[in-house]
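Since we're looking at a predicted model, the values are computed, not measured. Protein chains get the first letters and strands the later ones, always in sequence-line order, with residue 1 at the start of each.
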2 protein chains.
Amino acid sequence: MMGQATLKDIAKALQISSSTVSRALKDYPGISLETRKKVKELAEKLNYRPNAVALSLRKNRSFTIGVIIPEVVHFFFSTVISGIEEVAINNGYNVILCQTNENHEREKKIVETMISSRVDGVLVSYARETHTFEHFQKMKDMGLPVVFFDRIPDMDDTVNVIVDDGKGAYQAVKHLLDQGYEDILHLSGPKNLAISKLREEGCRKALREAGKVLSEDRIIECPNGTIGESEGICRRIFAHSPPDAVFASNDIAAAGAMRAAKEMGIKVPDQLGVMGFSNWQFSSMVDPPLSTVSQPGFEIGEKAASLLLEMIENHRYIPRTEVLETQLIVRKSTLPQKTGFFDFSASGQQAGLE
Amino acid sequence: MMGQATLKDIAKALQISSSTVSRALKDYPGISLETRKKVKELAEKLNYRPNAVALSLRKNRSFTIGVIIPEVVHFFFSTVISGIEEVAINNGYNVILCQTNENHEREKKIVETMISSRVDGVLVSYARETHTFEHFQKMKDMGLPVVFFDRIPDMDDTVNVIVDDGKGAYQAVKHLLDQGYEDILHLSGPKNLAISKLREEGCRKALREAGKVLSEDRIIECPNGTIGESEGICRRIFAHSPPDAVFASNDIAAAGAMRAAKEMGIKVPDQLGVMGFSNWQFSSMVDPPLSTVSQPGFEIGEKAASLLLEMIENHRYIPRTEVLETQLIVRKSTLPQKTGFFDFSASGQQAGLE
DNA sequence: TTGTAGGCGTTATCAC
DNA sequence: GTGATAACGCCTACAA
């Protein structure tokens, strides 16, 4: 058991040169049938597998892409990864995965190891803590292809893939208004993420069109994004000035609002409409099922990976931002009795999963 | 932009040999302070990063471990990955991630690329479709360290990390019986997975101790593990011979049972107790919150990765199976009124998350 | 204190 | 048809 067999091993055993072995295995022209046969048989017998590391070194291409994300346990990110993986594997690439846990220092270290590992390109959704982008700039300056998804940085000439958060939020809030809800509380995400701003903006726009304004005390930041956080916040607000609907920047926050409502005896959806964002797996399972805005995670991953492979193979790229559409998912949490449970007339909605 | 700087580049620019550069950068003894300084400055300026690929080739060590799992979107697996990553990154290893999507052919291909990539070791939870293990045996025969987790194969001398599924199931069913439920329906997982058998066995044992038997029509397989599947199955069964409790092999199936019950006007937990397995993220958010058995996913990942690194660094190993404990999580779905909502007396339970 | 040479596994190039 | 050689980037005996 002296490790993996190499071309040299086969060559030595067969008393031929390793270049011949290499050619025989790849069916190059100009190798006698007999040699080819002998080589292939021995290779099979010795369980020969080409050494990808040696190949990487020689070709200066690792056929590996790096993925930097906050956390795999987020349903959204795990679907994105599936999309990335699908494209990668179909094109002969491996995926190296690193999680920042939303930590900036860790992110910087990860960038270093990505560079060292000589990945052919990197897909990034940066950490919540990240406000400066020199580490990513460095990769770009080295000529390493980078595609940002979901969270896009304040940098020049990047390639990005996002969903139309503004429009998604707009549709969500418009739906709430269409259902007759009037006083909307917006639970927003971390202020430093562009997606938070865009969702807030979409929310404002829908209200504006209805002749309303989102007053400052009707928009509350949920920086941590835990269910406990939003539950606490909602409980306080429901106690002194209850809204009649909540539009949360993500489903977890929405679930917190539902919990608070339940504990305080506020009926969802009749006394309070609740709308989330992201369509987490649990959203269709809570009671009442949660209306939300679905983001095409798998497609984002596919798109981002495709763009990256394109950049890698073409050695050049056009800076741009690809915007994918969200989809409003209307469930029971925003369908008060008065408009009827099965009234799906408002706008392009669709029933829940499965 | 001629790619990454190499030792040679620095050497040439400084008119010294690349071995000197190498030594200077690593603070080897016997390099003049002056040289060292010059080298380090230039390295910094050129943004030099050691080429991990070259290192891998030379040392015959890639400092990369492979992870083969069915799907990242499963909450359980994503927590396992987090545990693996944590250990890996803290020990200077990268993680290559591949999903089988429960597909056997894909799994075999993945094993090939893992071998080609010269990963230093592999962590595996194999596909549901997989019934033969030659591909894993091949890795083992090549001397490639492998650790199996959660789903362990029928192979000799392997290293495994699992949870005590039998005991977890036993505790779960015992709790149901303690609560006064009598007629228990078991929704089991795919029959070919050892975990399914163990959970079923634990279920039987608890019943046996209570002087009952699990009759054949009270154990139903849910091979796909979707919510729709179990919902359909339960609806049929509830219609002609309703049990008073369901013990599902996973939370998704349990959620399906709850849905079926809700649609048929069966009250959970008073008319039907529902117990899941795995403690998915959504389990605490459904209504009523779902009792379940939590598996320490993160710890499984940590343990499996630690064992693997140990095997890698020691070049030898002792076949064994590490068994981690599950934890019964009692929530409202198995606490009928008659025993009181806050009666946590039965056995070592604990309240839900957050 | 520094340089030289060889090799990790592969393949492209040139030579016979 | 086949072989020898060099090169990818790095490290490390061994030499000087």
Side-chain angles (χ1 to χ4, degrees), chain A residues 2-40 42-43 46-64 92 113 115-120 142 144, chain B residues 2-40 42-43 46-64 92 113 115-120 142-143:
Chain A
M2 42 137 304
Q4 313 274 57
T6 69
L7 290 183
K8 223 202 229 169
D9 297 332
I10 299 179
K12 212 175 291 174
L14 258 35
Q15 307 263 49
I16 55 178
S17 79
S18 41
S19 15
T20 303
V21 177
S22 169
R23 286 185 279 233
L25 286 172
K26 317 181 83 183
D27 286 322
Y28 269 42
I31 298 288
S32 74
L33 218 74
E34 193 200 4
T35 314
R36 205 183 302 178
K37 187 153 164 284
K38 277 195 306 188
V39 168
K40 287 194 174 174
L42 188 56
L46 295 183
N47 240 312
Y48 170 80
R49 293 288 174 281
N51 183 329
V53 174
L55 273 167
S56 294
L57 184 61
R58 184 156 212 295
K59 308 225 159 171
N60 205 22
R61 291 277 261 96
S62 61
F63 287 96
T64 297
T113 72
I115 294 174
S116 272
S117 308
R118 298 298 194 268
V119 293
D120 292 338
M142 295 174 117
L144 186 58
Chain B
M2 40 135 306
Q4 313 274 56
T6 69
L7 290 183
K8 220 201 234 171
D9 297 332
I10 300 180
K12 212 175 290 173
L14 257 37
Q15 307 262 47
I16 54 179
S17 79
S18 41
S19 33
T20 305
V21 177
S22 170
R23 289 186 275 236
L25 285 173
K26 316 181 84 182
D27 286 322
Y28 268 42
I31 297 289
S32 74
L33 218 76
E34 194 199 3
T35 313
R36 204 183 304 179
K37 186 154 166 281
K38 277 196 306 190
V39 167
K40 288 195 174 175
L42 188 55
L46 295 183
N47 242 311
Y48 171 80
R49 294 286 174 282
N51 183 328
V53 174
L55 273 168
S56 295
L57 185 59
R58 186 163 206 290
K59 308 225 159 174
N60 206 20
R61 290 277 260 96
S62 61
F63 287 96
T64 298
T113 72
I115 294 174
S116 271
S117 308
R118 297 301 194 267
V119 293
D120 292 339
M142 294 174 118

Ignoring hydrogens and angles, state whether a donor on the side chain of Thr113(B) or Ser116(B) is under 3.5 Å from an acceptor on the partner side chain. no
Only pairs under 3.5 Å count here: list side-chain donor-acceptor contacts from residues 23-31 of chain B, not counting sequence neighbours, and write none if there are none.
from	atom 1	to	atom 2	distance (Å)
Asp27(B)	OD1	Lys40(B)	NZ	2.9
Asp27(B)	OD2	Lys40(B)	NZ	3.2

Considering only heavy atoms of chain B and a distance under 4.0 Å, specify the first and last nucleotide of DNA chain C in 5' to 3' order that meet this criterion. dT1(C) to dG9(C)
Could you give me the CA-CA distance, side-chain angles and deciding distance for Arg118(B) and Arg61(B), then say whether side chain to side chain contact (heavy atoms under 4.5 Å, CB included) is met? CA-CA 8 Å; Arg118(B) 297 301 194 267; Arg61(B) 290 277 260 96; over 6 Å; no
Using a cut-off of 4.0 Å on non-hydrogen atoms, how would the nucleic acid contact of Ser17(B) be classed: base, sugar-phosphate, or nothing? base
If you take all heavy atoms of Met142(A) and Asn47(B), which pair is closest and at what distance? CE-O, 3.6 Å
Pairing residues for Ser17(A) by the side-chain hydrogen bond (donor to acceptor under 3.5 Å, both in side chains) criterion, not counting sequence neighbours: Ser19(A), Thr20(A)
Most 5' of Thr35(B) and Arg118(B) on DNA chain C, judged by nearest nucleotide: Thr35(B)
Provide, to the nearest angstrom, the distance between the CG atom belonging to Leu57(B) and the P atom belonging to dC10(D). 12 Å
Give one of base, sugar-phosphate or nothing for Asn60(B), where a contact means two heavy atoms less than 4.0 Å apart. nothing
Interatomic distance, Lys8(A) NZ vs dA4(D) P [rounded to whole Å]: 13 Å
For Leu57(A) against Val53(B), the heavy-atom pair lying closest together: N-CG1, 3.6 Å
As a quick check of understanding, evaluate side chain to side chain contact (heavy atoms under 4.5 Å, CB included) for Leu7(B) and Tyr48(B), giving each step before the final call. CA-CA 8 Å; Leu7(B) 290 183; Tyr48(B) 171 80; 3.5 Å; yes
Would you mind classifying the nucleic acid contact of Ser56(A) as base, sugar-phosphate or nothing, using non-hydrogen atoms under 4.0 angstrom? nothing
Restricting both atoms to N or O, compile the protein contacts to nucleotides 12-16 of chain D shorter than 3.5 Å, with distance only.
from	atom 1	to	atom 2	distance (Å)
dT12(D)	OP2	Tyr28(B)	OH	3.1

With a 3.5 Å distance limit and no angle check, can you tell me whether Thr64(B) reaches the backbone of Ser62(B) through a side-chain donor-acceptor pair? yes
Report for the helix from dT1(C)-dA16(D) to dC16(C)-dG1(D): angle between first-end and last-end helix axes, five pairs each, rounded to 10 degrees. 60°
Going by side-chain hydrogen bond (donor to acceptor under 3.5 Å, both in side chains), name the residues that satisfy it together with Ser117(A), two or more places apart in sequence or in a different chain. Asn94(B)
Going through the distances and angles, do Val21(B) and Ile16(B) end up as a side chain to side chain contact (heavy atoms under 4.5 Å, CB included)? CA-CA 8 Å; Val21(B) 177; Ile16(B) 54 179; 3.8 Å; yes
Could you tell me how far apart Lys12(B) (NZ) and dG9(D) (P) are, to the nearest whole angstrom? 10 Å
Closer to the 5' end of DNA chain C via nearest nucleotide, is it Leu55(A) or Pro29(B)? Pro29(B)
Any donor and acceptor pair, going by atom type alone, linking the side chain of Ser22(A) with main-chain N or O of Ser18(A) inside 3.5 Å? no
Do any side-chain nitrogens or oxygens of Thr20(A) fall under 4.0 Å of OP1 or OP2 in dG1(D)? no
Rounded distance in Å - CZ (Phe63(B)) to P (dC10(D)): 16 Å
